[in-house]
Amino acid sequence: MLILSRKTDQQIKIGEEITLTIIEIRGDQVKIGVEAPKSVKVFRQEVFSAIQNENTQAACAVPAEKIGVLSKILKK
């Protein structure tokens, strides 16, 4: 992990297309502006984790009609 110190209105570049700007520092909270192409999805970590969990659950879910077909096959 790279750790950088920045002050208000200073920026960090990630590659050529992404810029992070420190907007405000107040106590233990930092406001960061993110400039990135629309093709780059930007999420807070807790939102990203929730999306991943929902996607995993959806991928593992077996629709009710398939369960019915499976139980008929297993009864034979």
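These figures come from a predicted structure and were not determined experimentally. Positions are given from 1 along the sequence.
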Restricting to side-chain hydrogen bond (donor to acceptor under 3.5 Å, both in side chains), what partner residues turn up for Thr8, sequence neighbours left out? none

With a 3.5 Å cut-off and no angle check, do the side chains of Ser49 and Gln45 form a donor-acceptor pair? yes

Here the pair of heavy atoms bringing Ile25 nearest to Arg6 is CD1-O, 4.1 Å

Interatomic distance, CD1@Ile23 vs NZ@Lys31, rounded to 0.5 Å, equals 9.5 Å

Heavy-atom count around Glu17 CD within 6.0 Å, excluding the residue itself: above 12? no

Output the distance between atom OG1 (Thr19) and atom CD1 (Ile32), rounded to the nearest 0.5 Å. 13.0 Å

Is Leu2 reachable from Ile18 through a run of I, L, V, M, F, W or Y residues, each pair having side-chain heavy atoms under 4.5 Å apart? yes

Please say yes or no: joined through hydrophobic side-chain contacts below 4.5 Å, possibly via intermediate residues, are Val40 and Ile51 part of one cluster? no

Distance from Leu4 atom CG to Leu20 atom CG, nearest 0.5 Å? 9.5 Å

Should the heavy atoms of other residues, nucleotides or ligands under 6.0 Å from NZ of Lys41 be counted, would the total exceed 12? no

Kindly check if the number of other-residue, nucleotide or ligand heavy atoms within 6.0 Å of CZ (Phe48) is above 12? no

For Glu46, is the CD atom crowded, meaning more than 12 foreign heavy atoms sit under 6.0 Å from it? yes

Gln10 (side chain) donor-acceptor with Lys7 (main chain) under 3.5 angstrom: yes

